[in-house]
Amino acid sequence: MARITAGVSTSHVPAIGAAIDLGKTAAPYWVPVFAGYEYSKKWIAQQKPDVIVLVYNDHASAFSLDLVPTFAIGCAEEFRPADEGWGPRPVPIVKGHAKLAAHIAQSVIQDDFDLTIANRMDVDHGLTVPLSLLFGQPKQWPCLVIPLAVNVVLYPPPSGRRCYELGRAIRRAVESYDDDLDVQVWGTGGMSHQLQGPRAGLINRQFDNAFLDRIVNDPEGLSRKPHLDYVREAGSEGIELVMWLIMRGALNAKVTQKHRFYHVPASNTAVGHLVLENA
Amino acid sequence: MARITAGVSTSHVPAIGAAIDLGKTAAPYWVPVFAGYEYSKKWIAQQKPDVIVLVYNDHASAFSLDLVPTFAIGCAEEFRPADEGWGPRPVPIVKGHAKLAAHIAQSVIQDDFDLTIANRMDVDHGLTVPLSLLFGQPKQWPCLVIPLAVNVVLYPPPSGRRCYELGRAIRRAVESYDDDLDVQVWGTGGMSHQLQGPRAGLINRQFDNAFLDRIVNDPEGLSRKPHLDYVREAGSEGIELVMWLIMRGALNAKVTQKHRFYHVPASNTAVGHLVLENA
Amino acid sequence: MALKKPYSNIPGTTIFDADQARRGYHLNQFCMSLMKPENRERFKADERACLDEWPMSEEQKQAVLKRDYNRMIELGGNIYFLAKIFSTDGLSFQHAAASMTGMSQEAYAQMMLSGGRAPEHEQEKQ
Amino acid sequence: MALKKPYSNIPGTTIFDADQARRGYHLNQFCMSLMKPENRERFKADERACLDEWPMSEEQKQAVLKRDYNRMIELGGNIYFLAKIFSTDGLSFQHAAASMTGMSQEAYAQMMLSGGRAPEHEQEKQ
Ligand SMILES: [Fe+3]
Ligand SMILES: [Fe+3]
């Protein structure tokens, strides 16, 4: 039987990807950011998950305005890094787990989640930066990845509660898969940031740290936080944080916090990161 | 306030569209089919709906295997007839109601339906044949149309129950729209048919007539019918009938059956048609 | 396999599920290319050359060339995608459906006029 | 209007909703075209000619030519689409964000290093 072993959450700031790709990780600006992932790199080298269900949002890369899915699951054999305007990131092609992805899709659709099936989808920094943060710069990514893209760009995004419930449905799906697989669920994006208008540069440490507390210890309550609170308090792009709730919904009610990291800034954004294991 | 005034369900057999487009409606084969819509044409000329939410499935026209949404709502200003391999049908461009569509999308997404927003979508016979059946061959369609495409091609389709609940959510959405609009919901596809393999040509009159009875008088019970029953009893393409449940969910528990029609065959398919008004 | 297939015992019926979609991906995407008139013309002019532009298996290509719809479905084709092939040929769904039953077009059309294939007969086979 | 906009009073913030998406459709789709290197080269060679291929308003085109991101957002642009423009220019999200605040890039970068824009200050304005 497949099982969900752990959850990881992390910001997916594009400038972090650029710092890695351009060899700037030792620059004073970046040292404290990457220091926050040292524990996690060792941890995941020991964990050796078979598959990661990687929850992220597409940033107008795979999805134009022609078709905007609320939830899209990648069922392809592989996913290429997107060209976001400066050429694709020089990272390995992401290999999927088509059979498990199809199984999850089947299970959660029959569980009343109205997924979009993606059989061809380029993946942008939202998916590849978290991989780089945890795995560094390998020739091949050391495990398979099932991309789960969530719309947080075109209003309205799914509610935090809906995301949390989807996480629970993904857990049921994984646990009904016959093969013996260790599966992690990652939730990415956030923390507080705003990339537009006169309020650009907003950072809310208090909000972010309360969020980090509650997603570990009070996910049920946190999942009821309304959309407007995210935008008002964590910035227009802070709404990405709802994706962390999918990760959290896939874990036990009680989890062990193995690692927690918070840092300001990376470019325009507060960086947050958690490593959680089922208690 | 906008309101849902009536529901229409009908098969959307492509050969019916071809018969209309090629001027064959008076041929002996087709006379009994079109006779079944005489009442409805008069009825809708009196009803004059402002908008139709037209539930149909795309038949590999707008959606390839690259991206398959479970539910996609058309939010564009217009939708062009698709070229399904013999040139687009010579019918008017379908004009949308972008504002109402966006309102419905916002409302049902916030009601936990994970819609895909389509801002560009060609519409195939699934959507245009029902319009031709009710409106004939006008220069312009006499009302606006919001396409709602449901995946019934790639397994698994949404359950009948999920479709029924979506209909209810659409009703809530329409009734929370400020402008004064008469809105109909149409459910299309079916009835029994199978277009593949040695079992092609399957017709199940008993199943179809029981379905016609129950969707009027026992929609709650009918909505629990499992996917497998449709496929086994009504043929692999008979699963399209789940789309009628979206129409039915948008109406009152009690409805008045204004018209009922059933005929075999149109090409490979049993033709069924209902006109329902809120009691 | 981990995917439950409760629909695998329905006689004469292939459910287009994720496994079939993966098997037939390029076959079906080729079919979509026939939605453009210029591609239909190119296909009519040289079917083999057109097919060779797609990473399909030789079996899939042969099934297309022979218009063997049962075989195409077995190899991952879905009827709504395959419809672009018989539409390009100027043929109807009824023609294609008849061809899959092993009946002549006339006998199939007559069966439909007489009420279609009876489900009871089929259900015995389960 | 029928669409409720509970988010319309957040200071300095435009929510990319259906109305904005409709207003900015062609502007945003133009931005997507810059995901291909050949289109980036064409845009760099003659920005105006490239923009004229799209049914955008003159105001939208002027905003692009001036790299006025606040104006582009007002006219329906979304920052993730618009990112393709400043990426084509070889500039970062931080550059674009700074330009929208009216601060110099240096002052903005320093604000971020000092912990970012404080939310309390912003929330007073409501
Ligand atoms: Fe992001
Ligand atoms: Fe159909």
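In the text below, chain A, chain B and the rest are named by the order of the sequence lines, each starting its count at 1. In this text the structure is predicted, and so the values were computed from the model without any measurement.
Between the side chain of D:Tyr7 and the backbone N or O of A:His227, no donor-acceptor pair lies under 3.5 Å. D:Gln29 places no side-chain N or O within donor-acceptor distance of the main-chain N or O of A:Ser64, the cut-off being under 3.5 Å. A donor-acceptor distance shorter than 3.5 angstrom exists from the side chain of A:Gln194 to the backbone of D:Gly12, with no hydrogens or angles considered. D:Arg40 contributes a side-chain N or O that, together with a main-chain N or O of A:Gly85, makes up a donor-acceptor pair within less than 3.5 Å.
For A:Pro14, the part lying near chain D is the side chain, with the backbone staying farther off; criterion is any non-hydrogen pair under 4.5 Å. Only the backbone of A:Thr269 comes within less than 4.5 Å of a heavy atom of chain D; no side-chain atom from C-beta onward does. With a 4.5 angstrom heavy-atom cutoff, D:Thr14 touches chain A via backbone and side-chain atoms both. Heavy-atom distances place both the backbone and the side chain of A:Asp66 under 4.5 Å from chain D. Within the 4.5 angstrom heavy-atom criterion, only side-chain atoms of D:Met32, from C-beta onward, approach chain A. At a 4.5 Å heavy-atom cutoff, the contact between D:Phe93 and chain A is made by backbone and side-chain atoms alike. With a 4.5 Å cut-off on non-hydrogen atoms, A:Phe207 does not touch chain D at all.
The structure places OH of A:Tyr155 at 9.5 Å from NZ of D:Lys5, a figure rounded to the nearest 0.5 Å. Taking NE2 of D:His95 as the start and CG of A:Asn268 as the end, the distance is 12.0 Å to the nearest 0.5 Å. To the nearest 0.5 Å, atoms CG (D:Leu27) and CG (A:Leu65) are separated by 9.5 Å. The CG atom of D:Leu82 sits 11.0 Å away from atom CG of A:Leu195, with the distance rounded to the nearest 0.5 Å. In this structure, CG in D:Leu34 is found 10.0 Å from CG in A:Asp83, a value given to the nearest 0.5 Å. Expressed to the nearest 0.5 Å, how far CE of D:Met72 lies from CD of A:Gln196 amounts to 13.0 Å.
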Steps toward side chain to side chain contact (heavy atoms under 4.5 Å, CB included) verdict (D:Met35, A:Ser61): CA-CA 8 Å; D:Met35 293 177 70; A:Ser61 303; 4.1 Å; yes
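In D:Lys44, the NZ atom is crowded: over 12 heavy atoms of neighbouring residues, nucleotides or ligands sit closer than 6.0 Å. The number of heavy-atom neighbours closer than 6.0 Å to CZ of A:Arg120, taken from other residues, nucleotides and ligands shown, is 12 or below.
Among the candidates A:Asp58, A:Val153, A:Asp124, the single residue satisfying the side-chain contact (heavy atoms from CB on, under 4.5 Å) test with D:Tyr80 is A:Val153.
Counting heavy-atom pairs closer than 4.5 Å to chain D, the top residue among A:Gly197, A:Ala15, A:Pro156 is A:Gly197. Contact count against chain A (heavy-atom pairs under 4.5 Å) is highest for D:Tyr108 among D:Tyr25, D:Tyr69, D:Phe86, D:Tyr108. Highest contact tally toward chain D, considering only A:Val231, A:Ile239, A:Val68, is held by A:Val231 [criterion: heavy-atom pairs under 4.5 Å].
Considering every non-hydrogen atom in both D:Ala97 and A:Ala200, the closest pair reads O-CB, 3.9 Å. A:Ser236 approaches D:Thr13 most closely through the heavy-atom pair CB-CG2, 3.8 Å. When all heavy atoms of A:His59 and D:Lys84 are compared, the pair lying nearest together is O-NZ, 2.9 Å.
In this structure, the side chains of D:Asn78 and A:Leu154 stay at 4.5 Å or more apart for every pair of heavy atoms.
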